[in-house]
Amino acid sequence: MKRLLKGRLSFIFLFAMLTLILSGCGEPFLSTLQPAGEVARTQYDLMLLSVVIMVGVIIVVTAIFLIVLFKFRRKDESIPKQVEGSHKLEIIWTVIPILLLLVLAVPTVKATFDLADVTPMEETNEDGKTDVMTVNVRANLYWWEFEYPNEEILTSQELVVPTDERVYFNLIASDVKHSFWIPAVGGKMDTNTDNVNKFWLSFDGDKAGELEDNIFYGKCAELCGPSHALMDFKVKAIPRDQFDQWVSNMQSVTEPAVAESATAQQGQEIFNNSCIGCHAVTPANTTPEAARMAPNLTNFGDREHIIGYLENNEENIKKWLNDPESLKPGNKMTDTYGDLSDDEINALTEYLLSLKVQDQ
């Protein structure tokens, strides 16, 4: 029995140490424990408060247990003094938990209502637009669409937002339930097919500046199919002046860019014959929502990643075009355009990489 007890205590100690060590792991662009915005900080503070309360309770209970165990250890057959019916004790162990719950409940309820307040995005000006930064998010199997209604542009997979101000989101799904989550910036929110969920986030400029290319990582947090774990997106958080420049660059694209090199021109021809039915290469949000079959590619060449998780380079684009099913099982692009030769894939890759707005 002693050996078994010793083994269990060793396991508990090892588990506690691993928990302590691993709690420090995580990247700043993906960790809820390194908050990078107003919402994230509020939620992080609530987590700390709840942990402090729980640890405090554990310490007090453990201390009482040890005191009773050693100080009042039974020495003879006499019955210890009974405290049954003590009103004083009953009041103490009833009131203390209530007070602890109130300490946790009051800031939690307040934060819940504050974070759910989306009144500013529901107020429109004389132009029929909002005076706050608003993004319509549409989740699809297995990619993300981002529409900027005030700016009248549409993009996908890489969300671009201004830092140090609130960004309001309308969330909906095209097919099944998904969940929109940027761990370092705030908690998740479901995207449903039959109703729009709304919430807001803010992106800390200093924290964003510490990241490579100001990129936060976003994820789908609702099991939605075989490629659920690969349904990632990136968030580029930049200062307001840079964001305004990005918007201007996007708005300047009114017609599909004309390929320059002979190989890229061949790729554009292939794209127009095989891909244009699903993929748009202009950012204007004129396509009906029901007809948006695939990601908008207007600024594809500017993006840090493709298909959510692969670095945007020639090698990965060619792998995707050659066999999309192997990289993202269950995606809607598989078997939609037939077999492409190596030369056609090379040409299409060069054309896709030429789709940029940042150089304009």
Side-chain angles (χ1 to χ4, degrees), residues 29 35-43 111 113-139 144-173 179-191 196-211 213-219 233-253 283-286 289 292 295-296 298-299 302-304 357-358:
F29 52 74
E38 183 180 353
V39 174
R41 280 193 297 271
T42 299
Q43 295 171 339
F113 280 93
D114 289 343
L115 300 182
D117 182 15
V118 293
T119 305
M121 73 181 298
E122 296 173 347
E123 300 173 350
T124 57
N125 53 35
E126 57 184 13
D127 296 326
K129 300 180 180 180
T130 63
D131 292 324
V132 295
M133 183 67 215
T134 304
V135 180
N136 298 334
V137 177
R138 178 173 287 273
W144 298 87
E145 177 185 270
F146 305 114
E147 178 185 359
Y148 299 76
N150 292 339
E151 292 76 15
E152 299 181 347
I153 57 177
L154 191 71
T155 187
S156 63
Q157 291 300 87
E158 188 171 288
L159 173 66
V160 182
V161 294
T163 55
D164 300 319
E165 62 181 87
R166 292 185 178 184
V167 180
Y168 292 82
F169 295 91
N170 291 305
L171 306 173
I172 197 167
S179 191
F180 181 81
W181 187 30
I182 309 172
V185 183
K188 66 180 182 177
M189 178 72 74
D190 284 349
T191 64
V196 177
N197 283 333
K198 303 179 179 183
F199 79 146
W200 61 270
L201 298 171
S202 66
F203 300 79
D204 186 279
D206 293 334
K207 294 289 186 180
E210 297 172 1
L211 305 177
D213 296 319
N214 293 61
I215 297 289
F216 291 102
Y217 283 43
K219 309 208 42 101
F233 62 96
K234 303 300 175 285
V235 185
K236 191 161 191 173
I238 52 181
R240 167 51 82 166
D241 59 336
Q242 295 182 30
F243 174 78
D244 290 339
Q245 183 60 53
W246 176 81
V247 169
S248 177
N249 291 341
M250 289 288 282
Q251 290 174 335
S252 68
V253 182
N285 56 343
T286 55
E289 291 180 354
R292 296 173 190 167
N296 185 293
T298 300
N299 61 339
D302 291 325
R303 296 174 188 170
E304 301 288 334
V357 302
Q358 296 299 91

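Checking Gln245 against Asp241 by side-chain atom types alone, no donor-acceptor pair falls below 3.5 Å.
How far CG of Asn170 is from CZ of Phe199: 10.5 Å, rounded to the nearest 0.5 Å. Remark: Trp144 CH2 to Glu158 CD distance equals 15.0 Å, nearest 0.5 Å. Rounding to the nearest 0.5 Å gives a distance of 7.5 Å between CG of Asn125 and OG1 of Thr130. Going from atom CZ of Arg138 over to atom OG1 of Thr191 covers 9.5 Å, rounded to the nearest 0.5 Å. In this structure, CD1 in Ile182 is found 8.5 Å from CZ in Phe216, a value given to the nearest 0.5 Å. Here CZ of Phe169 is found 10.5 Å from CG of Asn136. Values are rounded to the nearest 0.5 Å.
Of all heavy-atom pairs spanning Trp246 and Thr155, the tightest one is CH2-CG2, 4.3 Å. The two residues Gly186 and Ala40 come nearest to each other via the heavy atoms N-CB, 4.0 Å. Closest of all the heavy-atom pairs between Lys207 and Ala36 is CB-CB, 3.6 Å. For the residue pair Asp204 and Asp206, the shortest heavy atom distance occurs at OD1-N, 2.9 Å. When all heavy atoms are compared, the tightest approach of Met189 to Asn197 is CG-CB, 3.9 Å. In terms of heavy atoms, Pro149 sits closest to Val135 at CD-CA, 4.4 Å.
Using bins of under 30°, 30° to 60° and over 60° for the plane-to-plane angle, the ring pair Phe180/Phe233 lands in the parallel bin.
Between the side chain of Tyr168 and the backbone N or O of Glu122 there is no donor-acceptor pair closer than 3.5 Å. At distances below 3.5 Å, not a single donor-acceptor pair connects side-chain atoms of Asn296 with backbone N or O atoms of Glu145. With hydrogens and angles ignored, the 3.5 Å screen pairs a side-chain donor or acceptor of Asp164 with a backbone N or O of Gly205. A donor-acceptor pair under 3.5 Å is formed between the side chain of Gln43 and the backbone N or O of Gly187. Looking only at distances, no side-chain donor or acceptor of Asp213 sits under 3.5 Å from a matching main-chain atom of Ile215. Formation of a donor-acceptor pair under 3.5 Å by the Ser248 side chain with backbone atoms of Asp244 is not found in this model.
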(message) For Arg166 and Met121: C-alpha separation, side-chain torsions, deciding distance, then whether side-chain contact (heavy atoms from CB on, under 4.5 Å) applies.
(response) CA-CA 10 Å; Arg166 292 185 178 184; Met121 73 181 298; over 6 Å; no

(request) Start with the C-alpha distance between Glu123 and Asp131, add both sets of side-chain angles, then the distance that settles side-chain contact (heavy atoms from CB on, under 4.5 Å), and finish with yes or no. (result) CA-CA 8 Å; Glu123 300 173 350; Asp131 292 324; over 6 Å; no

(request) Given side-chain contact (heavy atoms from CB on, under 4.5 Å), test Lys129 with Glu152 step by step and report yes or no. (result) CA-CA 10 Å; Lys129 300 180 180 180; Glu152 299 181 347; 3.8 Å; yes

(request) Could you please spell out the steps behind the side-chain contact (heavy atoms from CB on, under 4.5 Å) verdict for Phe203 and Ile238? (result) CA-CA 9 Å; Phe203 300 79; Ile238 52 181; over 6 Å; no

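Counting heavy atoms from C-beta on, the side chains of Phe146 and Val160 never come closer than 4.5 Å. Under the 4.5 Å side-chain criterion, counting only non-hydrogen atoms from C-beta, Glu151 is in contact with Met133.
Results of the side chain to side chain contact (heavy atoms under 4.5 Å, CB included) test with Trp200 over Leu115, Val167, Asp114 single out Leu115 as the only residue that passes. The residue from Val196, Val137, Asp190 that alone fulfils the side chain to side chain contact (heavy atoms under 4.5 Å, CB included) condition with Leu171 is Val137.
Note that Lys234 lies in the cation-pi zone of Tyr217, set by a 6.0 Å cut-off to the ring centre and a 45° limit from the axis.
Counted within 6.0 Å of CH2 on Trp181, heavy atoms from surrounding residues, nucleotides or ligands total 12 or fewer; the atom is thus considered open.
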